[in-house]
Amino acid sequence: MQKKDPPILVTRPSLPPVEEYEALVREIFSTHYLTNGGAQHQRLEAALRDHLGAQHLRLFTNGHLALECAISAFGFDGGEIITTPFTFISTTHAIVRCGLTPVFCDVEPTYYTIDTERIEALITPRTRAILPVHVYGNPCDMEAIDRVAKKHGLPVLYDAAHAFGVTIHGRAVASYGEASMFSFHATKCYHTIEGGAVACRSADFAERLNGYKNFGLHSEEDIREVGGNAKMNEFQAAMGLLNLKYFEREIEKRGRVAARYRENLAGIEGLSFRPIPDGIRQNYAYLPVTFDPEAFGRTRDEVDKTLNSYGVFARKYFYPLPSEAACYQGRFRPEETPVALAASRRVLTLPMYADLALDDVDDICEIVASCRQ
Ligand code: T4K
């Protein structure tokens with residue numbers, strides 16, 4: 001097989017028709033209102049609140065700052081947050097940068113989401129909240145998390161960066177917990193170039209989010225929080241409005257790509273996909289494949305290198321674990337979360353995007369299958 005030129009990357013953002021974006025940009029130009037809650041921003045905030053089934057929703061300039069603002073809005077004065085290490089470094093950094101200590105709970109081996117059986121043992125008088133992650137768009141066991149949280153009077157803040165549009169038996173993920181953070185980064189299945197949102201239950205919490213993302217300002221003379229600047233601008237919001245219009249088509253196309261991968265790679269010993277749970281409406285945000293080196297005969301890293309030699313660039317999301325990151329050296333014990341540690345060595349997220357040609361998927365699968373020994 002020929003080397004892919006141009007190379008195939010792990011993702012490629014979808015874009016709306018340029019004329020439609022131009023039309024919205026013209027509106028922005030005509031008003032000279034560029035940021036700080038302009039017309040496009042207000043439209044998008046309302047549209048996403050409805051789309052995500054949230055009671056309240058606030059937009060942000062990116063998902064990471066949305067997460068930091070959400071943690072800040074709880075008003076904790078130090079303490080611990082129970083979370084998982086099988087996530088993008090952003091989750092851990094947000095907790096640390098807000099002055100709290102992450103306590104890592106291991107993940108369960110099927111979906112790599114928080115192992116709800118292990119949460120209770122980690123709760124101490126210093127625990128302030130639980131921060132689970134919907135990994136690759138697979139939702140956590142939110143009913144079980146809810147039970148533990150209620151029993152101990154702890155709030156739950158979900159990192160739903162990967163879970164835009166995911167529903168469980170028709171119920172939106174944003175309707176669980178106190179709040180959920182969504183990322184709208186260019187690499188996500190729904191994007192606003194850079195961007196994010198926090199969906200939340202209470203109007204007071206939403207009001208505090210307004211403060212944290214805008215210097216604590218609630219009016220010119222009313223400064224309530226030590227807030228920063230994390231506001232989404234009008235050009236981002238315009239992109240968001242259009243991508244929302246085309247979201248169903250995006251999911252349909254991604255679904256076809258995912259189905260082709262599953263079909264082509266079915267039944268190969270040592271290679272597995274995450275099962276699709278009953279009642280889940282997936283968003284096909286990522287295409288994670290787990291390689292068991294014993295049964296497959298090759299390691300994940302060897303498969304990755306082989307793909308690279310054909311011009312295909314997958315990603316090792318999430319390796320290294322945040323608990324192993326150089327900036328946290330000596331602070332955490334990755335070996336205490338063995339399931340997450342093993343997953344970080346075995347999972348490769350293969351190229352996944354709406355316009356990935358099915359012929360290219362076939363080629364990628366052929367390369368992967370040929371690695372087996
Ligand atoms: N929590 C979780 C669980 C997350 O996964 C993330 C972000 C966050 C919180 C924080 O949300 P944000 O603050 O980002 O909204 C990417 C994304 O930057 C990041 O959003 C994402 N998770 C993470 C999993 O992946 P990188 O460093 O791997 O991205 P990069 O630049 O290497 O891009 C990946 C591939 O996509 C490359 O092959 C190039 C291609 N690409 C990328 C961009 C930006 C394009 O083709 N076009 C583009 O515009 O982090």
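Just so you know, ligand 1 is whichever comes first in the structure, and atom 1 is the first atom listed for that ligand.
- Within the 6.0 Å centre-distance limit, the rings of H162 and Y286 are counted as a close aromatic pair.
- At least one test fails for R208 against the ring of F74: distance under 6.0 Å to the centre or angle within 45° of the axis.
- If you number the atoms of ligand 1 from 1 as listed, the ones under 4.0 Å from a heavy atom of T91 come out as 1 (N).
- At least one donor-acceptor pair closer than 3.5 Å links the side chain of N308 to the backbone N or O of D304.
- Checked against the 6.0 Å centroid criterion, the rings of Y158 and Y176 do not qualify as a close aromatic pair.
- The heavy atom nearest to atom 27 (O) of ligand 1, considering only H93, R315, H191, H64, is found in R315.
- Other residues, nucleotides and ligands place more than 12 heavy atoms under 6.0 Å from the CZ atom of F273.
- There is no side-chain donor-acceptor pair under 3.5 Å between H41 and E234.
- For CG of D222, the number of neighbouring non-hydrogen atoms (other residues, nucleotides, ligands) closer than 6.0 Å is greater than 12.
- Considering backbone and side-chain atoms together, G63 places an N or O closer than 3.5 Å to an N or O of ligand 1.
- Summary of contacts: the protein heavy atom closest to atom 6 (C) of ligand 1 is F88 CD2, 3.4 Å.
- In this structure, the protein non-hydrogen atom closest to atom 35 (C) of ligand 1 is V10 CG1, 3.6 Å.
- Under a cutoff of 6.0 Å and an axis angle of 45°, R346 and Y319 do not form a cation-pi pair.
- For atom 39 (C) of ligand 1, the closest non-hydrogen atom of the protein is L9 CD1, 3.9 Å.
- Closest protein heavy atom to atom 16 (C) of ligand 1: Y317 OH, 3.8 Å.
- Atom 44 (C) of ligand 1 has as its closest protein heavy atom H185 CE1, 3.7 Å.
- Counting heavy atoms closer than 4.0 Å to ligand 1, residue F313 contributes nothing at all.
- Using a 4.0 Å cutoff on heavy atoms, G195 counts as a contact of ligand 1.
- By the 3.5 Å distance cut-off applied to N or O atoms, S183 is counted among the residues near ligand 1.
- Only the side chain of H162 comes within contact range of ligand 1, with a heavy atom under 4.0 Å; no backbone atom does.
- Listed by first then second residue, pairs satisfying ring-ring contact (aromatic ring centres under 6.0 Å, His included) with a partner in residues 101-133 read F86-Y112, F104-F332, not counting sequence neighbours.
- With a heavy-atom cut-off of 4.0 Å, Y286 touches ligand 1 through its side chain alone.
- Nearest residue to atom 1 (N) of ligand 1 from T11, T192, D159, T187 is D159 (criterion: closest heavy atom).
- Atoms of ligand 1 found under 4.0 Å from any heavy atom of T87 (numbered from 1 in listed order, with element): 3 (C).
- A cation-pi arrangement is found for K213 relative to F60, the charged atom lying closer than 6.0 Å to the ring centre and inside a 45° cone about the ring normal.
- For atom 22 (N) of ligand 1, the closest heavy atom belonging to the protein is K188 NZ, 2.9 Å.
- Remark: minimum distance from atom 10 (C) of ligand 1 to any protein heavy atom is reached at S90 OG, 3.3 Å.
- Using a 4.0 Å cut-off between a side-chain N of Lys or Arg and a carboxylate O of Asp or Glu, E45 and R49 do not qualify as a salt bridge.
- Of all the heavy atoms of P13, the ones lying under 4.0 Å from any atom of ligand 1 belong exclusively to the side chain.
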